[in-house]
Amino acid sequence: MAERYEPRQVERRWQEEWERSGIYRVDERSDAPKYYALNMFPYTSGDLHIGHWYHFGPADSHARYKRMRGYNVLEPIGFDAFGLPAEEAAINHGVHPYVWTMNNIRRMEEQLRTIGAMYDWSREIATCAPEYYRWNQWLFLKFFERGLAYRAKAPANWCPHCQTVLANEQVIGGRCERCDTLVTRRDLEQWFFRITAFAEQLLDDLDEIDWPERVKTMQRNWIGKSHGAEFRLKVAGRDDLEIPVFTTRLDTVFGMTYVVLAPEHPLVDELLAADRVSDVREYQEQARRATEIERLSTEREKTGVFLGAEAVNPAGGERVPIWIADYVLASYGTGAIMAVPAHDQRDFEFAQQFGLPIRAVIRPPDRDAGTRAAGGERNGTTPAERGGASPSTEGTVGSEGVPIAAYVDSGVMVNSGQFDGLPSDVGMERVADWFEALGIGERTVNYRLRDWLISRQRYWGTPIPVVYCPTCGIVPVPEDQLPVLLPEDAEFRPTGLSPLTYYEAFVETTCPRCGGPGRRETDTMDTFVDSSWYMLRYCNPRVDDAPFDRRAVEHWMPVDQYLGGVEHAVMHLLYARFFIKALHDMGLVSFKEPFSRLFNQGIILGPDGHRMSKSRGNVVNPDDYVQRMGADTVRCYLMFIAPWDSGGPWSPQGISGVEAFLHRVWGLVLDGVAGNAPNDHGSADERIVRLMHKMSKGVTEDIERFRFNTMLAKLMEATNSLVRLRGQASKRIWREASERLVLLLAPSAPHLTEELWHRLGHQQSVHLQSWPGYDEALIAEPMITLVIQVNSRVRDKLEVPADISEEGARRLAQESPRVQAHLDGATVRQVVYVPGRLVNIVASRA
RNA sequence: GCCGAAGUGGCGGAACGGCAGACGCGGCGGUCUCAAAAACCGUUGGGGGCAACCCCGUGCGGGUUCGAAUCCCGCCUUCGGCACCA
């Protein structure tokens, strides 16, 4: 008997040995094809929790597999090191963010090493290092030069708790993504990145990348492209004014009965009638104060006020009142709409609320006329009938004959002058032609996507490299003066202004252009800027005259396999794509997409099936398990729980099965070698060879597709079979089988297999070996189980030669006594034969 | 409200339209032990039967098919995303 496997010593020893021999150091000069395996880098929270393990363990196994397949694999690691928690620690515990962050990094490095991953530590990065963030500043300047970074005053999402503005993407259902506080709005001068300039490309290029459909859909929805038209409304009695509006339903233009501007719309002041001033001002103030959640709630009754002016409908020449209402967003389209209450649910509700006229100009398509327009072209918002051809489109009318909903589907135009009788889709085009001919409007496209607000009123981030000069205005800091360093001894007070604001030595500077006194920008950048290009930095993190080494980047990029959680589906992944497109435009990179292939792991739940949280008390500490059972056991168990992309609950008992499995492999490989070989081992050898090739095939297919759970099941199954065949095989075959098992398990249990590999007598690391192939011909079983059914119910199973003929199979089936018993006088109507699988005899009485 | 994914033993989960429940946990019985743990062997969807065997069973209701967990239609539930984007 070999001694029991002691993971604690073995794992530590091999981790040190791998470090010493540098087998994971990556060299671009290799002849092997490159493979960039990237994991979303961790935030420096200070503790590597089980969720991190769930991400990094299986991800590393996949990278290791690729390496054994002959790829030159780059699997880097680093830290997303700027962000609010560091500052909170400063405010609450008086620890400087830098100290807090660096301590956390040190601790996490230690914990990460216990995973036993093949990270190339020589490429480690931390985004809070000046050597890193100076390049955020450099990139900002490049963006600024090209008009991709700009400063503007806009109503911004403000989190009262975090005391900072947030990007649109960071507001989830009207609440702060980080702390769940209700977000309010503030008008502030802020810096933006012009991501909208790439909306079309960001949308189109999704077709080029191998990402989960789910994520692509989320991005498509986020970008929210819609086709329509913009046209200008004349204001009655004001030849100097025009109101541009955007619509996707030009076919309903004859149904416009009023116009609505967003409360913040710049034309409000111009249009405001003297006797309406107080009402309108009050409403604007109220709208400004409303939280996002209040404003966005569709449940809420519509509010608004009349401006005291009228617009002219270019379609009918009719005068319609102009209102302001907060259901119209200043930031979408033109911030103003033509309201068609008969055919838009929101306008309908508003019209009901304020007694405005409702005029139907679209009739549901006539089912008999054969002009079935496609129903539900836009995302219908009506609670009434979906589908224009349904019999009860009159469902838009309540029992008393009072309309209860707008008819929002397409149909046939009515009450629309020369356009009467046209189906919606044709009508839209005709009206667009007409407006274009009149010169009052044109076809346009609008996006839901907003520009990326990157200013943050915080300390622990990258200073925005700009100086405000009383004479020169906004002056970018010249490249050769970068980095603009964060002062080390700032004060941390939660005031809503960046701590940098109070730091005179930082703020007061000279204008780089005129040399006069200037003031530095005190806002810092959103930390998503850091993670938008870190994959480029990894390619050569020591380069000090550019953000990235172009030659190294052209070698490694794009990332072949990106792994991480689905929570970054829109934010990080969209921003990173935007960065690459911007860099591509500048000629700095040759590719257009950063991540060729994406896969999202699921989340690991507590033993109670709920999300782990301190308040629930269901948090699993990986370090405890690593201490007791070893990293390999933890890694394998995490892979075994469930399909990787679905995640699932951690089971304290469940892990023992995996632990036992690894110990079984240990005993099998070490004791089995010495097993005696009796004279007649031919049939055992044959079975083992078949078993091994079958296992290789299954394991290869599974690991390729991240099906780690079934991969391990197959390894367990094969191990169990080998245990049963122990001592029956020839020495040569047994050794081959042992080695193959070790190799196939190597990516999943890197320490155990390394130890076994060496004990089997090898000098070189198991992780430098090739992935074992398999021979399809050797997998074929000589005998198969033929299932015999009568009327689709299994009645017998026969062991037959695999190459049995159809006639042979049919005959055997019919001859089976069990089958005979079930046929018993019935007439055979049909016999279905599935080669190598089953015979189904269909029979009936009379 | 809209879009998407998923519902399978006591539990986690397997199953190219062809033996439902692989693999593992847990349970039960046994070997070893003074005993326990560990390890090992057997068994384990439900019901009926002494047995050979038989019946039922993949959220619910229909359909297609010789055959459906798998495909189609309609519900229900859960989870994710979006939610006044004109």
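Residue numbers begin at 1 in each chain, while the letters A, B, ... track the order of the sequences.
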Cut-off 3.5 Å, side chains only: do [X] and [Y] have a donor facing an acceptor?
{"X": "E349(A)", "Y": "Q345(A)", "answer": "yes"}
{"X": "R450(A)", "Y": "S331(A)", "answer": "yes"}
{"X": "N221(A)", "Y": "R448(A)", "answer": "no"}
{"X": "Y447(A)", "Y": "T196(A)", "answer": "no"}
{"X": "S844(A)", "Y": "R829(A)", "answer": "yes"}

- Task: Please work out if R707(A) contacts a base, only the sugar-phosphate, or nothing of the nucleic acid, heavy-atom cut-off 4.0 Å.
- Result: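 Result for R707(A) = sugar-phosphate.
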- Which part of the nucleic acid does S646(A) contact within heavy-atom distance under 4.0 Å: base, sugar-phosphate only, or nothing?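 Since no nucleic acid heavy atom lies under 4.0 Å of S646(A), the category is nothing.
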How many Å lie between [atom1] on [X] and [atom2] on [N], as a whole number?
{"X": "Y5(A)", "N": "A39(B)", "atom1": "OH", "atom2": "C1'", "result": "19 Å"}
{"X": "F708(A)", "N": "G12(B)", "atom1": "CZ", "atom2": "C1'", "result": "18 Å"}
{"X": "N600(A)", "N": "A5(B)", "atom1": "CG", "atom2": "C1'", "result": "13 Å"}
{"X": "N840(A)", "N": "C19(B)", "atom1": "CG", "atom2": "P", "result": "11 Å"}
{"X": "R628(A)", "N": "A38(B)", "atom1": "CZ", "atom2": "P", "result": "12 Å"}
{"X": "N446(A)", "N": "A86(B)", "atom1": "CG", "atom2": "C1'", "result": "9 Å"}
{"X": "D344(A)", "N": "C84(B)", "atom1": "CG", "atom2": "P", "result": "13 Å"}
{"X": "E301(A)", "N": "C84(B)", "atom1": "CD", "atom2": "P", "result": "17 Å"}

- Item | side-chain contact (heavy atoms from CB on, under 4.5 Å) partner of L261(A), the single match among V245(A), I322(A), I337(A), T334(A) |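 When V245(A), I322(A), I337(A), T334(A) are each tested with L261(A), the side-chain contact (heavy atoms from CB on, under 4.5 Å) holds only for I322(A).
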- Message: Does K714(A) have more than 12 heavy atoms from other residues, nucleotides or ligands lying within 6.0 Å of its NZ?
- Response: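 For K714(A), atom NZ is crowded (more than 12 foreign heavy atoms under 6.0 Å).
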- Over 12 non-hydrogen atoms of neighbours within 6.0 angstrom of CZ in R220(A):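 Correct, the count exceeds 12.
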- Taking 4.0 angstrom as the limit, do R707(A) and E701(A) come out as a salt bridge?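 Salt bridge absent between R707(A) and E701(A).
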Nucleotide opposite [N] in a Watson-Crick or G-U pair, distances under 3.5 Å:
{"N": "C40(B)", "result": "G30(B)"}
{"N": "C16(B)", "result": "none"}
{"N": "U77(B)", "result": "A6(B)"}
{"N": "A83(B)", "result": "none"}

- Item | Nearest to side-chain heavy atoms of D326(A), which nucleotide of C19(B), C16(B), C84(B) |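 From the listed options, C84(B) comes nearest.
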- Task: Taking syn as within 90° of 0 and anti otherwise, name the glycosidic form of G4(B).
- Result: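 G4(B): anti.
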- Message: Which residues pass the ring-ring contact (aromatic ring centres under 6.0 Å, His included) test with F640(A), not counting sequence neighbours?
- Response: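 Testing F640(A) for ring-ring contact (aromatic ring centres under 6.0 Å, His included), a comparison that skips the adjacent residues, returns none.
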Show each protein N/O and nucleotides 77-82 of chain B N/O combination with a separation under 3.5 Å, one pair to a line.
residue, atom, partner, partner atom, Å
C82(B), O3', R448(A), NH1, 3.1

- RNA chain B: 5'-proximal contact among G648(A) and N791(A) (nearest heavy atom):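 So the residue in question is G648(A).
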- Message: Holding to side chain to side chain donor-acceptor pair (under 3.5 Å), I want the full list of residues that pass it with S226(A), two or more places apart in sequence or in another chain.
- Response: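 Applying side chain to side chain donor-acceptor pair (under 3.5 Å) to S226(A) gives Y332(A).
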- Query: Base, backbone or nothing for each nucleotide of nucleotides 20-27 of chain B, written B, S, -, heavy atoms under 4.0 angstrom, 5' to 3'?
  - Reply: --BBSS--
Considering only nitrogen or oxygen atoms on both sides, find all protein atoms under 3.5 Å from nucleotides 51-53 of chain B and state each distance.
residue, atom, partner, partner atom, Å
C53(B), OP1, R818(A), NH1, 2.8
C53(B), OP1, R818(A), NH2, 3.4

Pairs: protein N or O with nucleotides 68-70 of chain B N or O, under 3.5 Å:
none

- Query: Would you say E230(A)'s side chain and T247(A)'s backbone share a donor-acceptor pair under 3.5 angstrom?
  - Reply: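 Not confirmed, E230(A) side chain does not pair with T247(A) backbone.
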